[in-house]
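Heads up, the thing below is written out as structure tokens.
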Protein chains: 2
Amino acid sequence: MARKIAIYGKGGIGKSTISSNLTAALSDRGIKVMQIGCDPKHDSTRALIGGKVQQTVLNYLRNTKPDARRLGDIVAVGYKGCLCVEAGGPEPGVGCAGRGIISAFELLDSLGVGTVPLDLTLYDVLGDVVCGGFAVPLRNDNADTVYIVTSGEFMSIYAANNILRGTANYNPDRIGGIIFNSRGDPEEEDRVKAFAKAVGIPIIARFARSNLFMAAEKEGKTFVELYPDSAIADSFRELAAAVLKGQRYAAHFLTEGELESLILGRK
Amino acid sequence: MARKIAIYGKGGIGKSTISSNLTAALSDRGIKVMQIGCDPKHDSTRALIGGKVQQTVLNYLRNTKPDARRLGDIVAVGYKGCLCVEAGGPEPGVGCAGRGIISAFELLDSLGVGTVPLDLTLYDVLGDVVCGGFAVPLRNDNADTVYIVTSGEFMSIYAANNILRGTANYNPDRIGGIIFNSRGDPEEEDRVKAFAKAVGIPIIARFARSNLFMAAEKEGKTFVELYPDSAIADSFRELAAAVLKGQRYAAHFLTEGELESLILGRK
Ligand SMILES: Nc1ncnc2c1ncn2[C@@H]1O[C@H](COP(=O)(O)OP(=O)(O)O)[C@@H](O)[C@H]1O
Ligand SMILES: Nc1ncnc2c1ncn2[C@@H]1O[C@H](COP(=O)(O)OP(=O)(O)O)[C@@H](O)[C@H]1O
Ligand code: SF4
Ligand SMILES: [Mg+2]
Ligand SMILES: [Mg+2]
């Protein structure tokens, strides 16, 4: 049964890092993955295709006549045969920032992506605002499981809570878990644990802040590819196993007041 | 001549902290300010009204019949007589996240905000995506000057660059300056300086990371009100003077490639 998962989180929190490493770990197991970058920053798949930034779907649509469009032009083959797509985003201020995602979903559909043999599709989605194109992966037929990447910073947990609210509006029983990607402050862990407990969703993976991520980024490779024998690579393999197991939880969320008093001890 | 300024930046970067303190410093000078929070997080004006979170315009619209609506219901009087409004945001996943801003502008207009004697209107606007309602303050008749709050973190500068691109799409000659609000990492200053130089826009204020901001937040007051004799309060007064002087610059921006190579030394 082909799986479709969405990875959401605040911009800059490490979604693409987590996504591309998860894809690499799954690909190492022979699982056929398509990773679709859904962030106007369009660099989700970079570490899977040797550090290159592939052409976005939005750009491709602008430059290619309808009858000349081919699936192969927007799908890049990456690490161990995984497939890579970048939706792209419009010029800031010109239309919905999520428009690239809407266009990408439509084009992939019309070019027959449904006929590509895949085990898992992974959407790497910007979660600062859960609206317009950014909410498209949340639709029931688009993702069976939603994972949320967060650090222990208040704004990141605030975004995670918003993503839970957004998901609940479509189908509340599809949360795969919280992925804790630390910024390196010691009090982060308690905050994420408190949040996870309050919303009844487990932390299914933990990644410490490490300078080696920057090194991997410079090499244009995933951490899993560059440091396969490291503890962090093991953590990505464990995350891959958890994703394949596919356990899901209800999308509970807190009110803003509850969140502030829980995380910041306010009121 | 009544001024209208917009303060943009990545979510969590310190826009509301900067905005409310700027409003306080201007109010200390007897300048009549209206601060309008344009972030779904709707806590922009909290420090100006004693730590309370005022009712949002969106909420007010939902609960009040059209003929019962009064300007006084959505405008709160705050510190030294400044006026405060919160636009609010919709439920995540339900419609455009910027919808509260659109509704707020429309309601304020229809209830006669144009007749209120004001020296300056300040919009505190979420800048992660510059689209939909979040781009409304950028329209020419809405803001004569745009200020951008950033730290030295890449994602914050990336957002600042996006805001410049968004502003350029409406009217490129309205940037009042960059406000550097530091996270506390030593390399931040060089990054912000390099960015400011590359886009030809000066850093008009600098704020170091300080635990006193959290103390002020706990008290429900602005820094300017709680620590009037501090160096930081002086910096807010200097920022107020710069805002009143109103010098403006062209909204130059970098390509993503230029930004990455400048800030991260990539490629
Ligand atoms: N655990 C970590 N330790 C150190 N750096 C990290 C870690 N996770 C991510 N990064 C770095 O943070 C930056 C942002 O990560 P990215 O995956 O692009 O975020 P997003 O996709 O959420 O915008 C990248 O430079 C990345 O290498
Ligand atoms: N210079 C600073 N030093 C320490 N904390 C700060 C500083 N600037 C802002 N903060 C804190 O950071 C948090 C986010 O600030 P806020 O103004 O609410 O951001 P935004 O409005 O951009 O979302 C608040 O808790 C605020 O007190
Ligand atoms: S729906 Fe969301 S992404 Fe689209 S215009 Fe509105 S705020 Fe922007
Ligand atoms: Mg990304
Ligand atoms: Mg704010």
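These numbers come from the heavy atoms of this one structure, side chains and all, not from hydrogens, waters or symmetry mates. Lettering follows sequence order; numbering is per chain, from 1.
Atoms CZ and NZ, from B/R46 and B/K41 in turn, are 7.5 Å apart once rounded to the nearest 0.5 Å.
Contacts of B/N169 with chain A are made by side-chain atoms alone, with heavy-atom separations under 4.5 Å and no backbone atom involved. For A/N162, the parts sitting under 4.5 Å from any heavy atom of chain B are the backbone and the side chain alike. Contact of A/K10 with chain B is made through the side chain alone, with heavy-atom distances under 4.5 Å. With a 4.5 angstrom heavy-atom cutoff, A/L126 touches chain B only via side-chain atoms.
If you check the side chains of A/E256 and B/H42, you find a donor sitting under 3.5 Å from an acceptor.
Highest contact tally toward chain B, considering only A/A159, A/A97, A/G89, A/A135, is held by A/A97 [criterion: heavy-atom pairs under 4.5 Å]. Ranked by heavy-atom pairs shorter than 4.5 Å toward chain B, the options A/E217, A/R183, A/K218, A/M214 are led by A/R183. Considering only heavy-atom pairs separated by less than 4.5 Å from chain B, the leading option among A/F154, A/Y170, A/F253 is A/Y170. Looking only at heavy-atom pairs under 4.5 Å with chain A, the residue among B/C96, B/P92, B/G12, B/C131 that has the most is B/P92. Interface remark: of the candidates A/V130, A/L164, A/L264, A/I163, A/V130 forms the most heavy-atom pairs closer than 4.5 Å to chain B. Between chain A and the residues B/D43, B/V129, B/T167, the largest count of heavy-atom pairs under 4.5 Å involves B/V129. Of the residues considered (B/G166, B/A168, B/G95), B/G166 shows the highest number of contacts with chain A, using heavy-atom pairs under 4.5 Å. If you tally non-hydrogen atom pairs under 4.5 Å between each of A/G132, A/G11, A/G98, A/P40 and chain B, the highest count goes to A/G11.
If you look at A/F134 and A/Y123, their ring centroids are not closer than 6.0 Å. Here the two rings, on A/Y147 and A/Y8, have centers that are 6.0 Å apart or farther.
For the side chain to side chain donor-acceptor pair (under 3.5 Å) with A/Q35, the qualifying choice from A/S16, A/S20, A/S44, A/S19 is A/S44, the only one to do so.
For the pair B/N142 (side chain) and B/L138 (backbone), a donor-acceptor distance under 3.5 Å is absent. Using a distance-only test at 3.5 Å, with no hydrogens or angles considered, a donor-acceptor pair links the side chain of B/E188 to the main chain of B/G152. Between the A/E106 side chain and the A/S103 main chain, no donor and acceptor come within less than 3.5 Å of each other.
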